[in-house]
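For the numbers below, each heavy atom of this structure counts, side chains included, while hydrogens, waters and symmetry mates do not.
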Amino acid sequence: MKSHKFLLMLSILLSSNIIYGHSITPQSHLPYISLPHLCSLPVHVEFEDVAKKVVPTITYAKLLEDINGYRKNEVVEVLADVGKGTHYQVQSPTLCTWIPRYSFEFLPYNNVDVEPLNSYELELFVNNSDFSSETFYFIWVDLARQMVYIFFGDEGNWSLHKQFICSTGKQETSTVRGIFYIKERGEELRTTEYAKYWVKFQNNYLFHSTPLDENGNVADPTLGKPASAGCVRLHLNDALWFYENIPKYSTVWVN
């Protein structure tokens, strides 16, 4: 087993030119990795193995009555709260429309026990998934793990730059899923709650700090589990870094 692991280490080092002090070529699709970290990795890691761990967090609901083309007991995907808790946009394979909250019940999530991904797995996944960005940054919001991963580089050659614990939308106000792009930003957010360092990525969906009181103290420190009205909450220092460093038009993938 030790000889097999040594051969794997040598193969990765040679193919990525680490031995010669050069960076990875875009064609290799191999992440940069330090020797100590390499020694702690499994002997063999395939993209397909990592892809199985990247599970989407989808909010499902069961219809309680026939409504708007749907049948009672039909299971639909909940896309967004479009009426402040009174109406939701839902879809099935054949229909996408709005329905009132009283007409359905939420179903439990099915991915509550996902295991964390290490930096090698994260880079292996994004560099073999055709993610691109108009900037040198690519952001992945992992709803299952309540993490924000920030990559630096370009398509096929992304390196994990930072990762932040976060808090996304509760089931009733789930964070929208899909591919989006960083838009405008501001230093203070005053809506139903007070927060700082907001950065918009889709309509009313923002990255921002955890809620603060009027004195700037943290009012709700919850991170690591869904707790927001749909935005992506970050620790105050992480929100500040995001606000100051992530440029407009950077790609955001929420999964």
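Between I99 atom CD1 and Q89 atom CD the span is 10.5 Å, to the nearest 0.5 Å. Separation of atoms OH (Y194) and OG1 (T210) is listed at 11.5 Å; rounding is to 0.5 Å. Taken to the nearest 0.5 Å, the OH atom of Y205 stands 8.0 Å off from the OG1 atom of T173. The CG atom of L124 lies 9.0 Å from the CD atom of E48; values are rounded to the nearest 0.5 Å. Of the inter-residue distances, the one linking I182 atom CD1 with T251 atom OG1 reads 9.0 Å to the nearest 0.5 angstrom. One finds the NE2 atom of H208 at 12.0 Å from the CG atom of L236 (value rounded to the nearest 0.5 Å).
Residue L64 shares its hydrophobic cluster (ILVMFWY side chains chained together at separations under 4.5 Å) with no other residue. Hydrophobic side-chain contacts under 4.5 Å tie Y102 to no other Ile, Leu, Val, Met, Phe, Trp or Tyr residue.
Residue L160 comes nearest to S119 through the heavy atom pair CD2-CB, 3.8 Å, listed as atom of the first residue, atom of the second, then distance. The shortest non-hydrogen separation linking A219 to D213 is CB-N, 4.0 Å.
No continuous path of hydrophobic side-chain contacts links Y249 to F207 [ILVMFWY only; heavy atoms under 4.5 Å]. V252 and L189 end up in different hydrophobic clusters when Ile, Leu, Val, Met, Phe, Trp and Tyr side chains are linked at under 4.5 Å. Note: the hydrophobic cluster containing F151 also contains V50 (ILVMFWY, side chain heavy atoms under 4.5 Å, direct or indirect links). A chain of hydrophobic side-chain contacts below 4.5 Å, direct or via other Ile, Leu, Val, Met, Phe, Trp or Tyr residues, connects V45 to V54. With hydrophobic clusters built from ILVMFWY side chains whose heavy atoms lie under 4.5 angstrom apart, L122 shares a cluster with I179.
Checking side-chain atoms of S228 against main-chain N and O of G169 turns up a donor-acceptor pair under 3.5 Å. Put simply, the side chain of T222 never gets that close to the backbone of A227: no donor and acceptor are under 3.5 Å apart. Using a distance-only test at 3.5 Å, with no hydrogens or angles considered, a donor-acceptor pair links the side chain of N127 to the main chain of E123. No side-chain donor-acceptor contact under 3.5 Å links T168 to the backbone of V232. With N118 contributing its side chain and Y120 its backbone, the two residues share a donor-acceptor pair below 3.5 Å. No donor-acceptor pair under 3.5 Å is formed between the side chain of D238 and the backbone N or O of L234. N157 contributes no side-chain N or O that, together with a main-chain N or O of G153, makes up a donor-acceptor pair within less than 3.5 Å.
The closest side-chain heavy-atom distance from L79 to C96 is below 4.5 Å. Using a 4.5 Å heavy-atom cutoff, the side chains of L63 and S103 are in contact. Looking at M147 and C166, their side chains never come closer than 4.5 Å, going by heavy atoms from C-beta outward. Side-chain contact between V199 and I246: absent, with no pair of heavy atoms (C-beta onward) separated by less than 4.5 Å. In this structure, the side chains of S167 and K225 stay at 4.5 Å or more apart for every pair of heavy atoms. When side chains are defined from C-beta on, K183 counts as touching Q202, because their heavy atoms get closer than 4.5 Å. Looking at I67 and P100, their side chains come closer than 4.5 Å, going by heavy atoms from C-beta outward. With a 4.5 Å cut-off on side-chain heavy atoms, L223 and F164 do not count as touching.
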Next on the checklist: For a side chain to side chain contact (heavy atoms under 4.5 Å, CB included) check, start with the C-alpha distance between I150 and Q163, then their side-chain angles and the critical distance, and finish with the verdict.
Outcome noted: CA-CA 6 Å; I150 298 170; Q163 50 185 321; over 6 Å; no
Next on the checklist: Test side chain to side chain contact (heavy atoms under 4.5 Å, CB included) on V254 and V176; report intermediate values, then the result.
Outcome noted: CA-CA 7 Å; V254 182; V176 64; 5.7 Å; no
Next on the checklist: Between D154 and S132, is the side chain to side chain contact (heavy atoms under 4.5 Å, CB included) condition met? List the steps.
Outcome noted: CA-CA 7 Å; D154 53 26; S132 63; over 6 Å; no
Checklist entry - Do H235 and W241 pass the ring-ring contact (aromatic ring centres under 6.0 Å, His included) test, and can you show the C-alpha distance, the side-chain angles, and the key distance before you say yes or no? => result CA-CA 10 Å; H235 185 278; W241 185 93; over 10 Å; no
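One finds a salt bridge joining R233 and D220 here, because a Lys/Arg side-chain nitrogen approaches an Asp/Glu carboxylate oxygen to under 4.0 Å. Contact check on D66 versus R71 returns a salt bridge, with a Lys/Arg side-chain nitrogen under 4.0 Å from an Asp/Glu carboxylate oxygen. The pair E115-K53 meets the salt-bridge criterion, since a charged nitrogen lies less than 4.0 angstrom from a carboxylate oxygen. We find that E77 and R177 are joined by a salt bridge, their nearest charged nitrogen and carboxylate oxygen being less than 4.0 Å apart.
Taking the centre of each ring, F47 and F125 come in below the 6.0 Å mark. Taking the six-membered ring for Trp and the full ring otherwise, F131 and W253 have centroids separated by under 6.0 Å.
Residues Y197 and E187 bring no donor and acceptor atom of their side chains to less than 3.5 Å of each other.
With a 6.0 Å radius and a threshold of 12 heavy atoms from other residues, nucleotides or ligands, N68 has its CG atom above the threshold.
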Could you list the donor-acceptor pairs under 3.5 angstrom formed between side-chain atoms of residues 135-144 and any protein atom two or more places apart in sequence or on another chain?
| residue | atom | partner | partner atom | Å |
| --- | --- | --- | --- | --- |
| T135 | OG1 | S133 | OG | 3.4 |
| T135 | OG1 | Y137 | N | 3.0 |
| T135 | OG1 | Y137 | O | 3.3 |
| T135 | OG1 | S250 | OG | 2.7 |
| D142 | OD1 | A144 | N | 3.2 |
| D142 | OD1 | R145 | N | 3.3 |
| D142 | OD2 | R145 | NH1 | 3.0 |
| D142 | OD2 | Y149 | OH | 3.2 |

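For residues 66-88, the ring-ring contact (aromatic ring centres under 6.0 Å, His included) pairs, not counting sequence neighbours, are Y88-F104, Y88-F106. For residues 166-189, the ring-ring contact (aromatic ring centres under 6.0 Å, His included) pairs, not counting sequence neighbours, are F180-F201.
E65 pairs by the salt bridge (charged side-chain N to carboxylate O under 4.0 Å, His left out) definition with nothing, not counting sequence neighbours.
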